Amino acid sequence: MTSSYEIAFLELRRKIIEREFNRLNDMQLKAVLATEGPLLLLAGAGSGKTTVIINRIANLIIYGRACDSDEIPEQIKEDDVRFLESYLSDPSEKDAERAKALVSLYPVDPWRIIAITFTNKAAEEMRERLAAMLGDSASDIWASTFHSACVRILRRDITWLEGFGPGFTIYDTTDSLLLLKRIIKDMDLDEKSWPPRSVLTEISTAKDAQLDSQEYSELMSDSRDPRKKRIAEIYTEYAKRLRAANALDFDDIILHTVRLLKNVAEVREYWQRRFRYVLVDEFQDTNRLQYELVSLLSAGHRNICVVGDDDQSIYKFRGATIENILGFENDYPESRVIRLEQNYRSTGCILEAANAVICNNSSRKGKELWTKNTRGEKIDIYRATDETDEADYIAKAMLAGYRKGQKWRDFAVLYRMNAQSNRIEFALKRNGIPYRVIGGMKFFERAEIKDMLAYLCVINNTNDDLRLLRIVNTPPRGIGDKTLEQVRITAVEEESSVFEVMRTSSEREELRKAAPRLMRFVELTEHLAAVKHLRLDELYDVLLDKSGYMSMLNEKDTIENNTRRENILELKSNIISFLKENGDEAGLAQFLDEVALYTDIDQYDIDADSVVLMTIHSAKGLEFPTVFIAGAEEGIFPGIRSIGEREELEEERRLCYVALTRAKEKLIITSAKQRMLFGRTTNNQISRFASEIPENCVEEKDSALHLKPRISGGYVKGENVRRTWDFSDIADVGQITDTVHRYSKESVSQKSNSAVTDSNIKLNKGDRVEHNAFGSGMVISVTPTGGDALIEIAFDKVGTKKLMLKFAAQYMRKL
DNA sequence: CGCACCACAATTTTT
DNA sequence: TTGTGGTGCG
């Protein structure tokens, strides 16, 4: 029988802990305190789910399961209850420690918590916020991506898998494709009928179903589809070569971990005992394999918390399955479900639109966002005549906003396909609006970076045929294709590595001629491998020198070689910051791990003041005051492939939901009546998604509004400003309205006129210029184009840009 | 071996 | 329309 002071204790305990999290709303608090057992957290867009995850972890570490249990520590006496009572009514600094000690119940060691996300960026954000909240102890929490968590597990346990050692290398998608290409060629198959890309997808699907090459082959052996049989052969060879190179592709990282956990009791018990609490973010993006991993990791204590939003599942095409969310409650019948539906991000109008659109989907958990924010402005829907008009409208609207005090970084343009960005870029360029396109060439995809990393991989693991073949003749060492072909064939025949064949080339008749050159490369590699324990940046210097790569770049003084040199030095600064973070003794292998899994080094930099252009997919998780959704047309968004397919169409609609909910204050949806795409002109209807937005949320704009003569009036007239730009809920309202009011008609037209007339700068190839947005750079080409000129400038910081002289001139001066 | 030219295809993308 | 990748020539 529980005595009255015990009941009082439980109540006090809860109240004291709840007070710690008083900044959360009721649902958020509930989610933070529900620590035990499986928990499904359905967190709508902008509902503060990361905050919940962070606070939940903090609660675990500080108070353990105190709020989710009736257990009372034996040593609690009536005295203590009285103490807590007075502490609750009058908390004092000096009592805090004693109170904490009395209230907490089995606080969790940080290293017993694993929080898994999808992207490095999200993982990093989580680590930062945990560190800010918890200090040093936060560093022991495993806050990482699926892949890096698995790599950590595999580094310890992969030796249980035959053929693999802890020094394994990771193949990225390009590596995998290259390897498949070779295999397809070696099997005398035609690349056209066996596109490496789709073969890889097929293999990936097999791995998602946890089928290794043998199981897949068995399954396909009585398939009527001869194609599948052949793919099984390719898969088998692919797996064989990966194993020979001690390499894992991205899917293997997860698959092998799952297999170890399933098949090796020692491994399973170790990790299941270790992780008392498992949290998974973006659960709607997990595939079956990842779900299996998470289930296995959490099976020891069954404390699994998954956070996701079924309405934001947009990665079906890469294996994510919404069933994971929809089926969670079946797999964990004892699970609790908490919905976070209060949105802190967007205006009421935007949310109403988003809710209205998404409720046209049938397979969903059901959830409706609401907010205490003001209703805000209506959503502008603009129907352009063509894509140029659309792009102009966007640029003009940005200029109008900028003049009213918005920063460039407040704007984002979202579109369905990357191909749409060109026209918009062009319009922004013409109007001198600084912008960045997310999703272009990645730093680590540049040839010179891949080369340097390939060298490092080979130094690390000479069996890495793929990377070795990449750099064996870069810079040129007189080792031609036919020689390499011969070496490769020999290596495959002898089931040995390319390096091994090269090392013994002088004893081989068929390689006699090339042997001296091959041996020189072998010596280079061995020399480098011998010094691989140097501090990493020193090793890198030696590599640049001895490989001859630097001298190759120094031979010709071209812009291109210059950028390459800069990139190579940029990689060095990456190495140095890696050493800073992980200590000077951090090794090559560790660095390569990090690099292999960390692809977005040119990350999205929030500090730069420029407009951002990206696909809706890459906008997930981000937010902007003003969002443009371009190309809202049937055939584009929803895409032509999804029309008529119910499931596909629902995924597109979720994508639309994601796009809408990125906006905090203002949404502008544009479409074009006529659009040139892939060289064809099409006439597209306005997107059904736009029509699904309730009329009372919408203001339809027509082209007259943005035509030059009316632009100043249309956007800047006082009344219009106040009605369409309600910033009353925004923190720095003073600043914004201030600028808005000072803005006059004159300055608008003045500015737009000057763009045309003030282009009296004469630029020649080789001139150095200073641009307001891009910094300093050199003109590398000037192409006259009827009354204007297209200039190409290699900027020191931001790379090469093409600009129209007349429009760019006002933002630029000659040095 | 490097460069120039032509054919071809083209949602979305993280690790 | 644009970018890429493969082939063929100098």
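Naming convention: chains lettered A, B, ... in sequence-line order (proteins, then strands); numbering from 1 in each chain. Just so it is clear, the model here is predicted, and its values are computed rather than measured.
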**Asked** How would you label the contact of Asp249(A) with the nucleic acid (heavy atoms, under 4.0 Å): base, sugar-phosphate, or nothing?
**Response** nothing
**Asked** Taking the six-membered ring of Phe168(A) as reference, does the NZ or CZ atom of Arg155(A) fall below 6.0 Å from its centre and within a 45° cone about the axis?
**Response** yes
**Message:** Could you measure the distance from the CD1 atom of Ile116(A) to the CD atom of Glu282(A)? Nearest 0.5 Å is fine.
**Reply:** 13.0 Å
**Message:** Looking only at the side chain of Asn473(A) (C-beta and beyond, no hydrogens), which of the listed nucleotides dT15(B), dT11(B), dC1(B) gets closest?
**Reply:** dC1(B)
**Prompt:** Taking the six-membered ring of Trp142(A), is the NZ or CZ of Arg127(A) close enough (under 6.0 Å from the centre) and on axis enough (within 45°)?
**Reply:** no
**Message:** By the 4.0 Å heavy-atom rule, please label Phe146(A) as base, sugar-phosphate, or nothing.
**Reply:** nothing
**Fill in**
Per the O4'-C1'-N9-C4 / O4'-C1'-N1-C2 angle with a 90° window around 0, dT12(B) comes out anti
**Prompt:** How long is the line joining CD of Gln312(A) and C1' of dT14(B), in whole Å?
**Reply:** 16 Å
**Asked** So what does Leu414(A) hit on the nucleic acid, given a heavy-atom distance under 4.0 Å: a base, only sugar-phosphate, or nothing?
**Response** nothing
**Message:** By the 4.0 Å heavy-atom rule, please label Lys181(A) as base, sugar-phosphate, or nothing.
**Reply:** sugar-phosphate
**Request:** Select base, sugar-phosphate, or nothing to describe what Thr173(A) touches, counting heavy atoms under 4.0 Å on all strands.
**Result:** base
**Message:** Considering every strand and a 4.0 Å limit on heavy-atom distances, what is the contact class for Gln420(A): base, sugar-phosphate, or nothing?
**Reply:** nothing
**Prompt:** Nearest-Å distance, CE (Met614(A)) to P (dT14(B))?
**Reply:** 11 Å
**Prompt:** Roughly, in whole Å, what's the span from CG in Asp251(A) to P in dT13(B)?
**Reply:** 18 Å
**Item:** Nucleotide nearest Met676(A) (side chain, heavy atoms from C-beta), chosen from dT1(C), dT14(B), dT11(B)
**Value:** dT1(C)
**Prompt:** At under 4.0 Å between heavy atoms, what does Phe317(A) touch on the DNA or RNA strands: base, sugar-phosphate, or nothing?
**Reply:** base
**Request:** Taking the six-membered ring of Tyr291(A) (Phe, Tyr or Trp), confirm whether the NZ or CZ of Arg288(A) is under 6.0 Å from its centre and within 45° of its axis.
**Result:** no
**Asked** With Arg675(A), which residues qualify under salt bridge (Lys or Arg N to Asp or Glu O under 4.0 Å), at least two apart?
**Response** Glu390(A), Glu633(A)
**Message:** From C-beta outward on Phe678(A), which listed nucleotide comes closest to its side chain: dT11(B), dT15(B), dT13(B)?
**Reply:** dT11(B)
**Item:** Asp172(A) CG to dT13(B) C1', straight-line distance once rounded to whole Å
**Value:** 13 Å
**Request:** Kindly point out which of dT14(B), dT15(B), dT11(B) is positioned nearest to the side chain of Arg416(A)?
**Result:** dT11(B)
**Asked** Nearest nucleotide by nearest heavy atom, which residue falls closer to the 5' end of DNA chain B, Lys192(A) or Gly639(A)?
**Response** Lys192(A)
**Message:** Between Ser298(A) (side chain only) and Val294(A) (backbone N and O only), is there a donor and an acceptor less than 3.5 Å apart?
**Reply:** yes
**Fill in**
Of the candidates dT14(B), dT11(B), dT13(B), the side chain of Thr615(A) sits closest to dT13(B)
**Prompt:** Do Gln210(A) and Glu292(A) have side-chain heavy atoms sitting under 4.5 Å apart?
**Reply:** yes
**Request:** Using whole Å, report how far CG of Leu177(A) lies from C1' of dT13(B).
**Result:** 13 Å
**Whole-Å distance separating the CD atom of Glu125(A) from the P atom of dT14(B)** = 17 Å
**Prompt:** Taking CG from Leu200(A) and C1' from dT13(B), how many angstroms apart are they, rounded to a whole number?
**Reply:** 13 Å
**Prompt:** Would you say a side-chain N or O of Asn120(A) is under 4.0 Å from OP1 or OP2 of dT15(B)?
**Reply:** yes
**Message:** Can you check the distance between dT12(B) and dG5(C), where both ends of the measurement are the P atom (answer in whole Å)?
**Reply:** 15 Å
**Item:** Distance between P atoms of dT13(B) and dT4(C) (Å, rounded)
**Value:** 15 Å
**Asked** What is the distance from CD of Glu425(A) to P of dT2(C), rounded to the nearest Å?
**Response** 12 Å
**First of Ser148(A) and Glu652(A) reached from the 5' end of DNA chain B, by closest nucleotide** = Glu652(A)
**Message:** Counting only side-chain heavy atoms from C-beta out, which of dT15(B), dT13(B), dT11(B) sits nearest to Asn418(A)?
**Reply:** dT13(B)
**Message:** Starting the side chain at C-beta, find the nucleotide from dT13(B), dT2(C), dT15(B) nearest to Asn422(A).
**Reply:** dT2(C)
**C1' gap between dG6(C) and dT11(B), integer Å** = 25 Å
**Prompt:** Counting side-chain heavy atoms from CB outward, which of dG2(B), dT11(B), dT13(B) is closest to Met417(A)?
**Reply:** dT11(B)
